[in-house]
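What follows is one structure encoded as structure tokens, with my remarks underneath.
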Amino acid sequence: MIFQAEWFSHTTLAAAWCCTILLLGVFARRAFAAFCRYRSAGLLAALIFASAWSLSAAPDQGQLAGINYHLLAVNLVALMIGIPAAFWLAACLLLPYLWLNGDWQAYPVNALALLLPPLLVNFTARTLVKRLPANIFIFIFANGFLASAASMLLTGAVLVCIWHGVGAFSDGLLWNTAFPVFFLIAWAEAFLSGLSTAVFVALRPHWINTFEDNRYLRSKRSIWQ
């Protein structure tokens, strides 16, 4: 899922840099506060990103040569430390990742395409879950499993649209061969993120800091109603 700088014009890269820097500036204050407050969760989130991104597959030959698939874990980290901190952490780790594995000059395009779709899904899922009954299983299944799968599929659709727009691959290859792979990765993303969410909520709830104890663990036992 790594874009090359030669695929984009200087104007596009400059606009992507401006958008990335703007988002980093908007999220900076809340991200810093989250890192200070959730230090253990932040360190674990960095390890999760490193592990997830290392689980990659990049065909060297055939029609899919040049396309690199890997897990995202952005939705899980957003559940752990919030959207602003998740964006900052992923953006900081993505630069050395691209430096070692791809073209760092296309860093802002990669950052926007890989991080914004799952963060948007995370925000949407958490907003919808708050309107549902306060059930811990709904939180885990919707925010952990479904949102992670949806984030991978949306990210895949965005990436394929960009590949289509820049003409990096043929149209038939993108939608008929490349995009269906994201459905397979979505299962792995959903399973690993959902299982981690369930384990953390049960054993280490302070690692899922978007989980509201007062809402989901509130005792309703009372003699007088």
Side chain to side chain contact (heavy atoms under 4.5 Å, CB included) with [X]: which residues, sequence neighbours excluded?
X	value
A186	A149, M152, L153
T20	L24, Y107, P108, L112
L43	none
A78	I83, A86, L119, N122

Looking only at heavy atoms, what is the nearest atom pair of [X] and [Y], with distance?
X	Y	answer
M80	L44	CE-CD2, 3.8 Å
A85	A34	CB-CB, 3.8 Å
A41	N209	CB-ND2, 3.7 Å
E189	A73	OE2-N, 2.7 Å
V129	A142	CG2-CB, 3.5 Å
V77	A45	CG1-CB, 3.7 Å

*Report the C-alpha distance between L79 and R126 in whole Å, list the side-chain angles of each, state the deciding distance to 0.1 Å, and finish with yes or no for side-chain contact (heavy atoms from CB on, under 4.5 Å).*
CA-CA 9 Å; L79 290 176; R126 286 165 53 193; 4.0 Å; yes
Once rounded to the nearest 0.5 Å, what's the spacing between atom [atom1] of [X] and atom [atom2] of [Y]?
X	Y	atom1	atom2	result
T210	I81	OG1	CD1	10.5 Å
L128	L146	CG	CG	11.0 Å
L22	W17	CG	CH2	14.0 Å
T155	L159	OG1	CG	6.5 Å

*asked:* Under the side chain to side chain donor-acceptor pair (under 3.5 Å) definition, can you give me all pairs with a residue in residues 130-141, not counting sequence neighbours?
replied: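 Not a single pair qualifies under side chain to side chain donor-acceptor pair (under 3.5 Å).
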Donor-acceptor pairs under 3.5 angstrom involving side-chain atoms of residues 196-206: please list them, not counting sequence neighbours.
from : atom 1 : to   : atom 2 : distance (Å)
S196 : OG     : L192 : O      : 2.7
T197 : OG1    : S193 : O      : 2.8

Main-chain N/O of [Y] paired to [X] side chain as donor or acceptor, under 3.5 Å:
X	Y	result
Y97	A90	no
S54	S51	yes
S151	P118	no

Compare all side-chain heavy atoms of [X] with those of [Y] and state whether any distance is below 4.5 angstrom.
X	Y	result
W99	L95	no
L120	L116	no
L13	Q105	no
Y216	I138	no

Identify whether [X] and [Y] are in the same connected component of the hydrophobic contact network (ILVMFWY, side-chain heavy atoms under 4.5 Å).
X	Y	answer
L72	W187	no
V26	W88	yes
L195	L55	yes

_Just to verify, what does F123 make a ring-ring contact (aromatic ring centres under 6.0 Å, His included) with, not counting sequence neighbours?_
none
*Got a sec, which residues hit ring-ring contact (aromatic ring centres under 6.0 Å, His included) with F87, two or more places apart in sequence or on another chain?*
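So F87 forms a ring-ring contact (aromatic ring centres under 6.0 Å, His included) with F27.
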Could you pull out all residues at least two apart from [X] that satisfy side chain to side chain donor-acceptor pair (under 3.5 Å)?
X	answer
T124	none
W207	S40
S9	T12

_Qualifying ring pair (Phe, Tyr, Trp, His ring centres under 6.0 Å) pairs with a residue from residues 28-51, counting only residues at least two apart or across chains_ = F49-W53
*asked:* Under the criterion side-chain contact (heavy atoms from CB on, under 4.5 Å), I'd like the reasoning laid out for L94 against L98: C-alpha separation, chi angles, the key distance, then a yes or no.
replied: CA-CA 6 Å; L94 185 61; L98 293 177; 4.0 Å; yes
*asked:* One pair to check against side-chain contact (heavy atoms from CB on, under 4.5 Å): I208 and F139. What are the steps and the verdict?
replied: CA-CA 11 Å; I208 302 291; F139 177 91; 4.1 Å; yes
*asked:* Below 30° counts as parallel, above 60° as perpendicular, anything between as tilted: where do the rings of F179 and F183 land?
replied: perpendicular
*Between N110 and W104, is a side-chain contact (heavy atoms from CB on, under 4.5 Å) present by the stated rule, with each step listed?*
CA-CA 9 Å; N110 284 282; W104 69 270; over 6 Å; no
